[in-house]
Protein chains: 2
Amino acid sequence: MKSELSTPGVGSRKKRGEGHTRREEILLAAKKLFLREGYEATTIRRIADVVGVSAPALYLYFKDKEAIMLALCDETFGILVERMGKIEKTGLPPIERLRQCGEAYVRFALDNPQEYWLTFLSGNTPKKVKDKGHKPEAIDPNEPGSAGATAFAKLMGMFRDIENAGMPLYFPVDTAAELVWMSLHGLVAALITSPEFPWTKRDALISGMIDMAVRGVVRLP
Amino acid sequence: MKSELSTPGVGSRKKRGEGHTRREEILLAAKKLFLREGYEATTIRRIADVVGVSAPALYLYFKDKEAIMLALCDETFGILVERMGKIEKTGLPPIERLRQCGEAYVRFALDNPQEYWLTFLSGNTPKKVKDKGHKPEAIDPNEPGSAGATAFAKLMGMFRDIENAGMPLYFPVDTAAELVWMSLHGLVAALITSPEFPWTKRDALISGMIDMAVRGVVRLP
DNA sequence: ACTTGTAACTTAACGTCGATAACTTATCAA
DNA sequence: TTGATAAGTTATCGACGTTAAGTTACAAGT
């Protein structure tokens with residue numbers, strides 16, 4: 001039993017980072033290293049060094065290396081859900097909300113390439129992330145790996161709004177959502193896994209992909 | 001200097017696979033293991049075991065583990081280039097050729113998911129594959145890692161044909177090619193990394209994505 | 001005040017990985 | 001027969017993720 005109950009969170013040893021718990025310190029150090037060096041290149045020992053403890057100490061707080069990254073992914077995708085929630089709440093016409101959400105999604109992914117790669121690209125990632133990665137149904141928002149799912153669900157709801165606003169789609173809503181998400185996903189995947197490739201201007205690709213997807217999916221007047 | 005020149009290929013020891021050279025045996029064994037277990041899970045020692053030699057022996061034929069995979073990717077993507085070449089040679093209208101090439105590309109990727117993942121999705125893939133993976137310029141077809149490049153170049157040439165046939169594009173040719181490739185890439189990536197996800201009908205997604213991309217990129221009369 | 005329990009560590013080590021160095025054997029041209 | 005060379009081998013390196021087992025700090029119970 002974890003006894004974070006008596007004098008909550010202040011009971012421990014707390015030699016180092018006075019303001020944080022060990023768990024938070026580990027996540028902070030791991031995030032810094034994952035972002036700078038990449039997932040594979042970041043070693044458990046290196047994280048432990050930065051935190052200032054021995055390597056096995058990390059296993060007191062996380063089951064294994066994957067669990068550390070998983071926790072970071074959740075943390076990060078929470079931000080995306082938050083951002084998309086804000087856009088949803090604006091009173092903009094639904095098609096404009098779709099555009100903004102699409103752009104937000106892409107920007108977010110490019111700002112967090114490691115987390116995005118681990119969640120959606122890496123094949124040998126924890127099954128949980130992939131299985132529940134963007135399932136529109138049966139989401140438990142408190143389970144790790146489901147933040148991305150919530151984001152996808154929001155995108156999908158937007159297509160219903162567009163149709164309800166009187167603009168017909170070339171596809172059923174679920175197919176339309178999948179196609180648009182996949183095209184944005186492809187853009188992001190390419191830019192992330194081959195950032196050094198001489199793509200044409202990045203901003204043009206982003207807005208271009210959104211234009212292409214919208215024009216290809218919704219019948220404009 | 002490699003002296004495969006005197007009595008070509010038959011000079012060696014040749015204890016085992018009589019019909020093959022060691023190099024081919026290694027590639028065969030590696031391919032089997034990569035496809036069954038994945039890149040990371042396949043070890044040098046395991047490949048060597050299957051071939052029937054010691055692990056360091058592999059380093060006589062390949063610089064490192066990456067080089068083995070690079071050779072395999074090239075081999076596979078050669079088939080794709082071949083298929084797309086056939087489609088190119090048909091006298092079909094350019095937009096129909098584009099559609100068929102797009103479909104061929106997707107089908108190929110879904111038929112060879114492991115190779116596709118290794119070449120375009122896996123983050124720890126050899127830099128060369130990513131760098132030269134689909135570069136439209138400066139292609140040396142005899143250098144490893146350029147087969148995918150040739151395929152992309154073919155796709156790009158098709159857009160020039162479309163424009164020359166009098167159908168204007170919403171984007172410059174290079175951007176158009178990148179966008180269409182990226183959207184197909186996204187479709188493929190999603191289906192490969194999350195095959196168990198309840199996507200709407202697969203064939204509908206493929207033809208739907210092609211329709212969406214074409215409608216989004218080329219101004220139809 | 002002294003024991004006891006336990007959370008939070010440590011050091012040591014295991015097994016495996018990719019890769020290299022250094023030695024050995026087989027083959028064949030001279 | 002020799003001796004160069006191709007084609008291996010065994011032994012080993014350093015680094016990895018992870019586990020086992022021992023140690024220290026500290027709060028509560030008596």
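The sequence lines fix the lettering, A, B, ..., with proteins before strands; numbering per chain opens at 1.
In the model, A/Tyr39 has no side-chain atom that pairs as donor or acceptor with a side-chain atom of A/Trp117 under 3.5 Å.
Of the candidates D/dG8, C/dA8, D/dT18, D/dT18 carries the atom nearest the A/Asp64 side chain, counting heavy atoms from C-beta on. Among the nucleotides D/dG17, D/dA7, C/dC17, the one closest to the side chain of B/Thr43 is C/dC17. Between C/dT20, D/dT18, D/dG8, one nucleotide has an atom nearer to the side chain of B/Pro56 than all others, and that is C/dT20. Among the nucleotides C/dA19, C/dC9, D/dG8, the one closest to the side chain of B/Ala57 is D/dG8.
Not one side-chain nitrogen or oxygen of B/Ser54 sits closer than 4.0 Å to the OP1 or OP2 atom of D/dG8. Distances shown here put a side-chain N or O of B/Tyr61 below 4.0 Å from the OP1 or OP2 atom of D/dG8. Using a 4.0 Å cut-off, some side-chain N or O of A/Arg22 falls inside it from OP1 or OP2 of C/dC9.
Taking atom CD1 on B/Ile47 and atom C1' on C/dA19, their separation rounds to 14 Å, with Å as the unit. In this structure, B/Lys63 places its NZ atom 8 Å from P of C/dT20, rounding to the nearest Å. Put simply, CG on B/Leu58 is 13 Å from C1' on D/dT9, counting in whole angstrom units. Rounded to a whole Å, the CZ atom of A/Phe62 is 15 Å from the C1' atom of C/dA8. Regarding A/Tyr59, its OH atom lies at a distance of 7 Å from the P atom of D/dG17, rounded to whole Å. A/Lys65 has its NZ atom 9 Å from the C1' atom of D/dC16, to the nearest Å. The nearest whole Å value for the distance from the CD atom in A/Glu40 to the P atom in D/dG17 is 9 Å. Between the OH atom of B/Tyr39 and the C1' atom of C/dC17 there is a distance of 12 Å, rounded to whole Å.
Overall bending of the helix from C/dA1-D/dT30 to C/dA30-D/dT1, expressed as the angle between end axes built from five pairs apiece, is 30° (10° steps).
Taking the side-chain hydrogen bond (donor to acceptor under 3.5 Å, both in side chains) definition, one finds that A/Asp211 meets it with A/Arg99, sequence neighbours left out. Qualifying side-chain hydrogen bond (donor to acceptor under 3.5 Å, both in side chains) partners for A/Glu88, counting only residues two or more places apart in sequence or in other chains: A/Lys154. Residues meeting the side-chain hydrogen bond (donor to acceptor under 3.5 Å, both in side chains) test with A/Thr76, sequence neighbours left out: A/Glu115. By the side-chain hydrogen bond (donor to acceptor under 3.5 Å, both in side chains) test, A/Glu75 is found to be paired with no residue, residues two or more places apart in sequence or in another chain being considered. By the side chain to side chain contact (heavy atoms under 4.5 Å, CB included) test, A/Ala30 pairs with A/Phe34, A/Ile47, A/Ile68, A/Leu72, sequence neighbours left out.
By the 30° and 60° cut-offs, the orientation of the rings of A/Trp181 relative to A/Tyr105 is perpendicular.
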